Amino acid sequence: MTKRGFATRAIHAEDLRGTPEGTPVSTPIYQTANFAFATSDDYADVIQERAEGFVYTRLGNPTIVKFEEVLADLENAEAAVCVASGMAAVQIPLMSVCGMGDHIVSTQSVYGGTHSLFTKYLPRFGIETTFADATDAAAVGAAIRPNTKVLYLETICNPTLDVCDLEGLAALGHERGLVVMTDNTFATPYACNPTDLGVDVVIHSATKYLNGHADVIAGVMAGREAVIEPMRRDVQQAGAIAAPLTAWLLLRGLKTLAVRMERQAASALRVAQFLEGHPGVERVLYPGLPSHPQHELARRMLRSFSGMVACELKGGYEAGRRFMDALQLCVRAASLGECHTLATHPASTTHRQYTREEREAAGITDGFLRLSIGLEDVEDILADLEHALDQSGGQ
Ligand SMILES: *Cc1c(COP(=O)(O)O)cnc(C)c1O
């Protein structure tokens, strides 16, 4: 049978082919901590893994497993593990693969929480990280040491929207014996399946596009079974599992992922084109614009350019702050990938903890803005941006 399309697989989490009498169309929420057994032998068979079954929700739960199966399928992966947050999905694979004395090479443009994991938390366990410009394969190669275990990438980097050549970098990493991981949050499985390009571990903050409605915190990692299953043990050990209700909200979010991505990418392109033509804007970063430094790569590698747009205002820090304060529709809020259009000014918010040198190395200048384009009418989004740009006075 030919494989069904992305949207169909995302919607048909429950298999309703054949004789579906009594099958719930929407997956139920198994809001329970534990599961009963008929006999003590049955109980022993399941805990000793001689038989399939559920024991205790920290170890597994039908609603969570259903989300993991659907997400693994959408990511062209053999297995997925759902966890309590995107940060758990970043940390657990790294700590699963690395031990004391090991080294990581990471893209220098990386999510702020991941940056502090590398610079502040992992060093306490003897794990060091070198940041390299992931758009330059030679720089990545030069950063690899004999004790390097992981090459850590973001498919579309936060917040600069650099696009990593996953195929080339995965080949480079494998040549040097590394486990290659990418944070696919900005791209989503709708735009890119990193496993097809050789990546070993695909990471998502499911809080963002996968859920799509800003009402859960969750994460997920996906890859080959042999890579992901040891991480499942670490998740159970750490107790970093997601709640059944969270998995249910994620299953619901996935059903509309394809249409949301199509609409958000279409609106993001309109916004990017508008900003590129505005005299107060120094430069615009959107992988779908021909002016983006990796536009050709993005065209080859991504099925959608996603809904994230960045730009730099001519007026610097003060113009950035005035722009933010003048917004009347777009929301001044953290996070991304939801129905509302969100705006952030990293220099005064998310990247305040960086030194100026670190910020500039990560490509974030004082007038840099990040927009997550939502599902509102694009004319309303454009009108609000135009008004805020007029107020920013940066021309
Ligand atoms: C938000 C985010 C994370 C962290 O996810 P949480 O769900 O907030 O823990 C990791 N990576 C990227 C790219 C993100 O945007």
Side-chain angles (χ1 to χ4, degrees), residues 3-4 6-15 23-24 26-33 35 46 49 51-93 96 181-185 187-190 192-196 199-212 216-258:
K3 199 172 182 185
R4 290 171 160 185
F6 184 95
T8 308
R9 288 181 285 132
I11 292 164
H12 286 255
E14 297 297 332
D15 192 347
T23 307
S26 168
T27 305
I29 310 170
Y30 284 82
Q31 188 66 31
T32 181
F35 300 84
V46 173
E49 297 179 0
E52 295 239 325
F54 295 100
V55 179
Y56 186 58
T57 283
R58 175 160 53 74
L59 308 177
N61 171 288
T63 315
I64 300 170
V65 166
K66 180 63 76 180
F67 168 69
E68 292 172 344
E69 287 171 359
V70 176
L71 193 278
D73 181 47
L74 297 178
E75 272 296 8
N76 292 341
E78 291 173 4
V81 183
C82 180
V83 289
S85 69
M87 280 316 300
V90 174
Q91 178 174 332
I92 286 172
S96 193
M181 304 185 183
T182 195
D183 183 330
N184 205 34
T185 300
T188 82
Y190 181 76
C192 185
N193 289 132
T195 55
D196 292 348
V199 170
D200 301 299
V201 183
V202 181
I203 290 163
H204 285 280
S205 168
T207 309
K208 315 293 169 55
Y209 285 107
L210 299 185
N211 167 260
V216 300
I217 298 285
V220 64
M221 52 267 197
R224 292 189 307 283
E225 203 163 311
V227 175
I228 295 299
E229 287 310 316
M231 296 173 186
R232 185 186 299 282
R233 307 272 159 190
D234 289 356
V235 171
Q236 293 168 344
Q237 186 64 54
I241 54 119
L245 174 61
T246 295
W248 185 85
L249 287 164
L250 294 175
L251 278 164
R252 188 169 69 169
L254 287 183
K255 291 183 188 346
T256 56
L257 180 62

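Nothing fancy with the numbering, it's 1 onward along the sequence. The structure presented is a predicted model; accordingly, all values stated were derived computationally and were not measured.
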Practice prompt. May I ask you to decide if Cys192's main-chain N or O and Asn184's side chain share a donor-acceptor pair within less than 3.5 Å?
Written response: yes
Worksheet entry | Donor-acceptor contact present, side-chain Thr57 to main-chain Thr32, <3.5 Å | yes
Discussion item. Whether the side chain of Arg232 engages the backbone of Ala80 through a donor-acceptor N/O pair (distance < 3.5 Å, no angle test) should be reported.
Written reply: yes
Practice prompt. Would you mind reporting whether Val46 and Phe35 have side-chain heavy atoms less than 4.5 Å apart?
Written response: no
Response to the item:
Heavy-atom closest pair (Thr207 atom, Ala218 atom, distance to 0.1 Å) is OG1-N, 3.0 Å
Worksheet entry | Side-chain heavy-atom pair Lys3, Asp73 within 4.5 angstrom cut-off | yes
Worksheet item: How many angstroms lie between atom CG of Leu250 and atom CG of Asn211, to the nearest 0.5 angstrom?
Response: 5.5 Å
Worksheet item: Taking it one step at a time, do Thr27 and Phe67 satisfy side chain to side chain contact (heavy atoms under 4.5 Å, CB included)?
Response: CA-CA 9 Å; Thr27 305; Phe67 168 69; over 6 Å; no
Worksheet entry | Inter-residue atom distance Met221.CE - Met181.CE, 0.5 Å rounding | 9.0 Å
Discussion item. Using 0.5 Å steps for rounding, measure from the CD1 atom of Ile64 to the OH atom of Tyr30.
Written reply: 12.5 Å
Worksheet entry | From OG1 (Thr188) to CG (Leu257), nearest 0.5 Å | 5.0 Å
Worksheet item: Which pair of non-hydrogen atoms, one from Lys66 and one from Ala13, has the smallest distance, and what is that distance?
Response: NZ-O, 3.3 Å
Practice prompt. Determine whether Val83 and Gln91 make a side-chain contact, defined as any pair of heavy atoms from C-beta on separated by less than 4.5 Å.
Written response: no
Practice prompt. Might you point out which heavy atoms bring Thr63 and Pro244 nearest each other, and give the distance in Å?
Written response: CG2-O, 3.6 Å
Discussion item. Between Glu68 (side chain only) and Cys82 (backbone N and O only), is there a donor and an acceptor less than 3.5 Å apart?
Written reply: yes
Worksheet item: Closest heavy-atom contact between Ala79 and Ala72?
Response: C-CB, 3.9 Å
Item to complete: Using the side chain to side chain donor-acceptor pair (under 3.5 Å) rule, take Asp183 and Thr185 through it: C-alpha gap first, then chi angles, then the decisive distance, then the call.
Response: CA-CA 6 Å; Asp183 183 330; Thr185 300; 2.6 Å; yes
Worksheet item: Minimum heavy-atom separation for Ile241 to Arg58, with atom names?
Response: CG2-O, 3.2 Å
Discussion item. Distance check, rounded to the nearest 0.5 Å: Ser96 atom OG versus Gln237 atom CD?
Written reply: 11.5 Å
Item to complete: Mind checking the CD-CG spacing from Glu69 to Leu251? Nearest 0.5 Å is all I need.
Response: 10.0 Å
Worksheet item: Between Ser205 and Gly219, is there a donor-acceptor pair closer than 3.5 Å when you use the side chain of the first and the backbone of the second?
Response: no
Worksheet item: Does a side-chain heavy-atom distance below 4.5 Å link Arg252 with Ser26?
Response: no
Worksheet item: Counting N and O atoms only, with roles assigned by atom type, does the side chain of Arg9 sit under 3.5 Å from a partner on the main chain of Arg4, one being a donor and the other an acceptor?
Response: yes
Worksheet entry | Thr195 side chain to Glu75 backbone, donor-acceptor under 3.5 Å | yes
Worksheet entry | Distance-minimising heavy-atom pair for Pro189 and Leu210 | CD-CD2, 3.7 Å
